[in-house]
Each structure stands twice: as C-alpha cells, then as structure tokens.
Amino acid sequence: MTATTGTARTGAAVTATAAAPARSRTVPAWVWTLPPVAVLALAFLYPLALVVQQSFTPDEGGLSLAPYAEVFASASFRDALTTTVWLALGSTAGCLVLGFVLALVIAFVPFPGGKAVARFIDVFLSFPSFLITLALLFIYGSVGMANGLWTGATGAADGPFHFLTTPWGVLLAEITYFTPFVMRPLLAAFSQLDTSQLEVASSLGAGPVRIIRRVILPEALPALAAGGSLVLVMCLNEFGIVLFTGAKGVTTLPMLVYSKAILESDYAAACVVAVVNIAISVGLYSLYRVVSRRAGA
C-alpha cells in the first residue's frame, strides 16, 4: 500500500513538472489582441487623429481654436449645416412614410410576384447611391426622357422638368435610394406579426385604417425607429447623390469638406467641417444602436 502511494505521488510530481513548462510557454490572451488593434490604429485611428490635429492647426502653425472660430463664423458653414439637417430630416420622414406604405402592401396585400419584390429589396440595398441618381437623370434630367417627350409633343425648345438640380431633386433621390433601408426591418417585423390579431380585429368590425393604427403600427414602431435612425445617419453623410444631381446651389457638410479640401486647398477648414460631421454622425449612430437594441435588431 505504501509503495503504491509513493508511486502515485512520484507520477503526479512528474506530471506536474512536465505541465509547468507547458503552462509557462502559453501565450497570454492579451497578446493576440495586439495585431487587430495595431491594424485598426494604423488604418483608422491614426488618419482620424491627423484630421483632428489638422483642425486645430492654422496656416501659421501651432495649435489654436482659430480654425474652428473662423469656420463657425462663416455663412457657408451655417448654410451647409442647415441644408444638411433639413435634407436629412426631410429624406428620413419621406422614407418612413413611403417605406411603411410599401411594406404594408408587400406584406399584407397578396399579388403576383410579391415574394420576388420582397427579395429584390435585399438586392436593392447593395446598389450604389449614384446609380439611382443616374437613373433619375435619364428620366427627369434636362435632356432626359420626360423632357424629350414634352418637347416632342409640344414642339417647345425646352422641357419643364429641371427640379433635379434643386434641393427637391436631391430630396427625391435620397428618398428613392434610402426607402428600402426602412422597408427591410419593417418586412422582418411584419413577418413576425401574429395574423390572428388581424383576424380578430377584422371580425370585430375594425376597418383597414383602424387595424393599421391599432394593431400593425404599434408592432412596427421599433422597426420604424431603427430604420429611420439608420437612414438619418446615412443621409447626413451622403455625398454621391448631391454630386451626381449637379445641384450646384445645394451644399451639404460632405460637399463643403470636398470644396474646402480639393477646390480651395484649405485643409484646416476642411478638417474642422469633417470633425463636426463626424461628431454629429457618431451621436446619431449611438442613437441608432440604442434604438436597434431596444427593437431587437
């Protein structure tokens, strides 16, 4: 019995001795986080830090708040900020209304090809924004189809459709492009709606409008809030649509960054506007994440 116990102790000691170097050779978990953190820092954080630093660097050198004071005092910045906000809010409101109506039709009104349309919404999300703007230019541009039909029918030298180069054209293009981003979460929410609630409400004499207001809309509010928050963030940073419409009188914050940096070579002012745009975007994105978390998205 004593010999057996001694042998067991000796084996345990040998095993512990052999395992000790193995544990000592184990790489700490935090070491594996260094490569992705380094890549993130070099690819994103470092350029962002340069933009922030440049926003505090006037032409004469040093660090100063003078670039911020100069930009905030300029009428071009205030106009760009106002235009950006109202375009983003208007586009978001239009996307919410149009997206809700279209999602209702696709989800609750049976028609041939309804499932194909729902699947096409997912494909549409991958389209670049300038593609939609280009399509609108083919239809409503100065030499587009609508003006061509008008001049051909009336013999006039010019057509009546010139709104694409105005803020309303930008608004139409953004609503057209971003509406599917509202429809996608709505269709997901409608697919989980208990249809027995609709049948009960209908059997009790409720009309379509009352059913939508009392049954469907409360279930859709989280998806509407999540989709609307996402669209608001994307509209705030949209650049391609404004550029491709050729709306020269429409200057948003991204367009102002482009103008200051590329056309005027005023990099300090461009960085100030970029920092402001980033701050607003991060704030709205934080709101979007909170709303999405509550909506279960």
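Remember, predicted model here, so these are calculated numbers, not experimental data.
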Engineer: Consider side-chain contact (heavy atoms from CB on, under 4.5 Å). Of Val276, Ile278, Val282, which one does Ile280 pass it with?
Structural biologist: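 Testing Ile280 for a side-chain contact (heavy atoms from CB on, under 4.5 Å) against Val276, Ile278, Val282 leaves exactly one candidate, Val276.
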
Engineer: For Leu256, does its backbone N or O pair with a side-chain atom of Ser259 as donor and acceptor, under 3.5 Å?
Structural biologist: no

Engineer: Given the rule that I, L, V, M, F, W and Y join up when any side-chain heavy atoms are under 4.5 Å apart, are Val109 and Val101 in one cluster?
Structural biologist: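 Val109 and Val101: separate clusters.
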
Engineer: Applying side chain to side chain contact (heavy atoms under 4.5 Å, CB included) to Phe239 and Val257, what does each step give before you reach the verdict?
Structural biologist: CA-CA 10 Å; Phe239 176 77; Val257 173; over 6 Å; no

Engineer: Which hydrophobic side chains are connected to Phe130, either touching it within the sub-4.5 Å cutoff or through other members that do?
Structural biologist: Phe244

Engineer: Stepwise, does the side chain to side chain contact (heavy atoms under 4.5 Å, CB included) test hold for Leu186 with Leu224?
Structural biologist: CA-CA 7 Å; Leu186 279 175; Leu224 277 172; 3.8 Å; yes

Engineer: Can you name the nearest heavy-atom pair linking Pro222 to Glu219, along with the distance?
Structural biologist: CD-O, 3.6 Å

Engineer: Run the side-chain donor-acceptor check on residues 153-175: report pairs under 3.5 Å with partners two or more places apart or on a different chain.
Structural biologist:
| unit_1 | atom_1 | unit_2 | atom_2 | d |
| --- | --- | --- | --- | --- |
| Thr154 | OG1 | Trp150 | O | 2.7 |
| Thr154 | OG1 | Ala156 | N | 3.3 |
| Asp158 | OD2 | His162 | NE2 | 3.2 |
| His162 | NE2 | Gly159 | O | 2.8 |
| Thr165 | OG1 | His162 | O | 3.2 |
| Thr166 | OG1 | Phe163 | O | 2.5 |
| Thr166 | OG1 | Trp168 | N | 3.3 |
| Glu174 | OE1 | Ser91 | OG | 2.7 |

Engineer: Give the minimum heavy-atom separation between Ala220 and Phe190, together with the two atoms involved.
Structural biologist: CB-CE2, 3.7 Å

Engineer: Go through the steps for Leu217 and Phe100 under the test side chain to side chain contact (heavy atoms under 4.5 Å, CB included), then give the verdict.
Structural biologist: CA-CA 9 Å; Leu217 185 58; Phe100 182 69; 4.0 Å; yes

Engineer: Name all pairs fulfilling the side-chain hydrogen bond (donor to acceptor under 3.5 Å, both in side chains) condition that reach into residues 226-247, sequence neighbours left out, sorted by first residue then second.
Structural biologist: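 Qualifying pairs, neighbours excluded: Ser129-Glu238, Asn237-Ser281.
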
Engineer: Do the side chains of Val182 and Val105 join up, straight or via other hydrophobic residues, at under 4.5 Å, putting them in one cluster?
Structural biologist: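 As far as the 4.5 Å side-chain criterion goes, Val105 and Val182 are connected within one cluster.
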
Engineer: What distance do Asn277 atom CG and Cys271 atom SG have between them, rounded to the nearest 0.5 Å?
Structural biologist: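 Spacing of CG (Asn277) from SG (Cys271) equals 12.5 Å.
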
Engineer: Linking I/L/V/M/F/W/Y whenever any side-chain heavy atoms sit under 4.5 Å apart, do Ile262 and Tyr267 land together?
Structural biologist: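 Result: no, two separate clusters.
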
Engineer: Which heavy atom in Pro67 sits nearest to a heavy atom in Thr57, and how many Å separate them?
Structural biologist: CG-C, 4.2 Å

Engineer: Using a 6.0 Å cut-off, check whether atom OH of Tyr46 has over 12 heavy atoms from anything other than its own residue.
Structural biologist: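 Incorrect, the count does not exceed 12.
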
Engineer: Kindly work out whether a path of hydrophobic side-chain contacts (I/L/V/M/F/W/Y, heavy atoms less than 4.5 Å apart) joins Phe127 to Ile241.
Structural biologist: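 Yes, same cluster.
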
Engineer: Starting at SG of Cys235, measure out to CZ of Phe178 and round the result to the nearest 0.5 Å.
Structural biologist: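 Atom-to-atom, Cys235:SG and Phe178:CZ are 4.5 Å apart.
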
Engineer: Would you compute the distance between atom CG of Leu104 and atom CG of Leu187 and round it to the nearest 0.5 angstrom?
Structural biologist: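 Result: 9.5 Å between the selected atoms.
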
Engineer: Any chance OH of Tyr140 has more than 12 other-residue heavy atoms, nucleotides or ligands included, within less than 6.0 Å?
Structural biologist: no

Engineer: Taking all heavy atoms of Pro180 and all of Thr176, pick out the closest pair and write down the distance.
Structural biologist: CD-O, 3.8 Å

Engineer: Nearest 0.5 Å please: distance from the OG1 atom of Thr133 over to the CG atom of Leu137.
Structural biologist: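 Answer for the OG1-CG pair, Thr133 versus Leu137, is 7.0 Å.
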
Engineer: Heavy-atom count around Gln54 CD within 6.0 Å, excluding the residue itself: above 12?
Structural biologist: yes

Engineer: Could you tell me whether the side chain of Gln53 reaches within less than 4.5 Å of the side chain of Leu50, counting heavy atoms only?
Structural biologist: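 Yes, at least one pair of side-chain atoms sits under 4.5 Å.
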
Engineer: Decide yes or no on side chain to side chain contact (heavy atoms under 4.5 Å, CB included) for Thr83 and Leu253, but give the supporting numbers first.
Structural biologist: CA-CA 8 Å; Thr83 301; Leu253 290 179; over 6 Å; no

Engineer: Any chance you could measure Lys260, atom NZ, to Phe77, atom CZ, to the nearest 0.5 Å?
Structural biologist: 11.0 Å

Engineer: Can you tell me how the ring of Phe72 sits relative to the ring of Tyr68, calling it parallel under 30°, perpendicular over 60° and tilted otherwise?
Structural biologist: perpendicular

Engineer: Verify, without hydrogens or angle tests, whether Arg184 (side chain) and Ile121 (backbone) share a donor-acceptor contact under 3.5 angstrom.
Structural biologist: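 Side chain of Arg184 to backbone of Ile121: no pair is present.
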
Engineer: Using the rule that Ile, Leu, Val, Met, Phe, Trp and Tyr join whenever any side-chain heavy atoms are under 4.5 Å apart, tell me whether Phe181 and Phe120 fall into a single cluster.
Structural biologist: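 Per the 4.5 Å side-chain linkage, Phe181 and Phe120 are co-clustered.
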
Engineer: Might you point out which heavy atoms bring Leu236 and Ala88 nearest each other, and give the distance in Å?
Structural biologist: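 Result for this residue pair: N-CB, 4.1 Å.
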
Engineer: Should the heavy atoms of other residues, nucleotides or ligands under 6.0 Å from CZ of Phe138 be counted, would the total exceed 12?
Structural biologist: no

